[in-house]
Amino acid sequence: MKNLFNYIKLTIVGGALLLIPLFVLVAVIVKAGSLVKRIVTPIAHRLPFQIPGIAKETLLAILVLLLLCFLAGIFMHTGIAQRFKKLLEEDILVHIPGYSYLQALSIDKLTNSHSSTWKPATVQIDGNEVICFVIDETEHYCSIFFPSAPIPSSGTVCAREKQDVRYLSISVSEAIAILRQLGKGSAAALEKIKP
């Protein structure tokens with residue numbers, strides 16, 4: 001009975017850690033969209049054409065938001081923006097539950113590369129290969145996040161010696177999919193790195 005209660009509690013907490021940042025993101029996008037729509041409405045009414053099935057204001061608001069995102073993306077390549085992003089992430093966004101998890105997953109999905117700061121790995125504990133993510137590393141140690149299964153947005157953090165860590169040749173999203181499926185696919189991932 002206690003295991004069932006713990007499972008329910010962890011499931012609810014894991015769901016909340018995923019949904020709260022997601023709701024915040026949706027709320028920000030909706031608010032930004034309505035603000036931009038109010039700004040572009042006078043301009044849209046002056047356009048000499050009609051678009052069947054969609055309001056000119058909506059289309060223009062979407063185009064302005066995409067343009068703003070593009071310009072922000074260009075700005076993000078500057079040193080000032082990188083310093084601001086680092087400050088924002090380390091002092092503010094780190095307090096949003098699940099932000100690091102969503103950031104790692106988003107970077108992995110959007111870039112189609114292994115450029116995420118999280119690196120899928122395994123560590124041997126009591127003779128078992130345990131899937132984890134290397135979050136940070138120094139010359140001799142790795143900061144490791146051991147996610148829970150099937151809800152990988154929560155888990156345990158520790159530091160291990162680098163020699164104990166074996167990196168997996170899979171992406172963050174592939175590792176998360178393994179955890180969500182209670183380990184299905186982990187044997188194949190380990191076979192790829194077997195010496």
What orientation do Phe145 and Trp118 show, parallel under 30°, tilted 30 to 60°, or perpendicular over 60°?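 Because their plane-to-plane angle lies in the 30° to 60° range, the rings of Phe145 and Trp118 count as tilted.
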Answer yes or no: does atom CD1 of Ile80 have more than 12 heavy-atom neighbours from other residues, nucleotides or ligands under 6.0 Å?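 Counting neighbours around CD1 of Ile80, 12 or fewer heavy atoms of other residues, nucleotides or ligands fall under 6.0 Å, so no.
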Could you measure the distance from the [atom1] atom of [X] to the [atom2] atom of [Y]? Nearest 0.5 Å is fine.
| X | Y | atom1 | atom2 | result |
| --- | --- | --- | --- | --- |
| Arg160 | Tyr141 | CZ | OH | 11.0 Å |
| Gln163 | Cys142 | CD | SG | 10.5 Å |
| Ile178 | Ile170 | CD1 | CD1 | 4.0 Å |
| Leu168 | Leu190 | CG | CG | 6.0 Å |
| Ser186 | Ile131 | OG | CD1 | 5.0 Å |
| Phe84 | Thr78 | CZ | OG1 | 11.0 Å |

Might you work through the side chain to side chain contact (heavy atoms under 4.5 Å, CB included) test for Ile144 and Phe133, ending with a clear yes or no? CA-CA 6 Å; Ile144 295 178; Phe133 294 101; over 6 Å; no
If hydrophobic clusters are built from ILVMFWY residues whose side chains come within less than 4.5 Å, do Val172 and Val157 share one? yes
Following the transitive rule for hydrophobic clusters with a side-chain heavy-atom cut-off under 4.5 Å over Ile, Leu, Val, Met, Phe, Trp and Tyr, establish whether Phe146 and Val165 coincide in one cluster. yes
Electrostatic pair Glu137:Lys119 at N-O distance under 4.0 angstrom: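 Counted as a salt bridge, because a side-chain N and a carboxylate O are separated by less than 4.0 Å.
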Tell me, do [X] and [Y] make a side-chain contact under 4.5 Å, heavy atoms counted?
| X | Y | value |
| --- | --- | --- |
| Lys162 | His140 | no |
| Arg166 | Glu129 | yes |
| Arg38 | Leu35 | yes |

Check: Ser154 main-chain N/O paired with Ser148 side-chain donor or acceptor under 3.5 Å: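 Flag set: sc Ser148 to bb Ser154 pair under 3.5 Å.
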Go through the steps for Glu161 and Asp164 under the test side chain to side chain contact (heavy atoms under 4.5 Å, CB included), then give the verdict. CA-CA 6 Å; Glu161 289 187 23; Asp164 297 338; 3.9 Å; yes
Taking every heavy atom of Pro152 against every heavy atom of Leu179, the minimum-distance pair comes out as CB-CD1, 3.9 Å
I need the minimum non-hydrogen distance between Cys132 and Pro147, along with the two atoms involved.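 Smallest heavy-atom distance, with atoms named: CA-CD, 4.0 Å.
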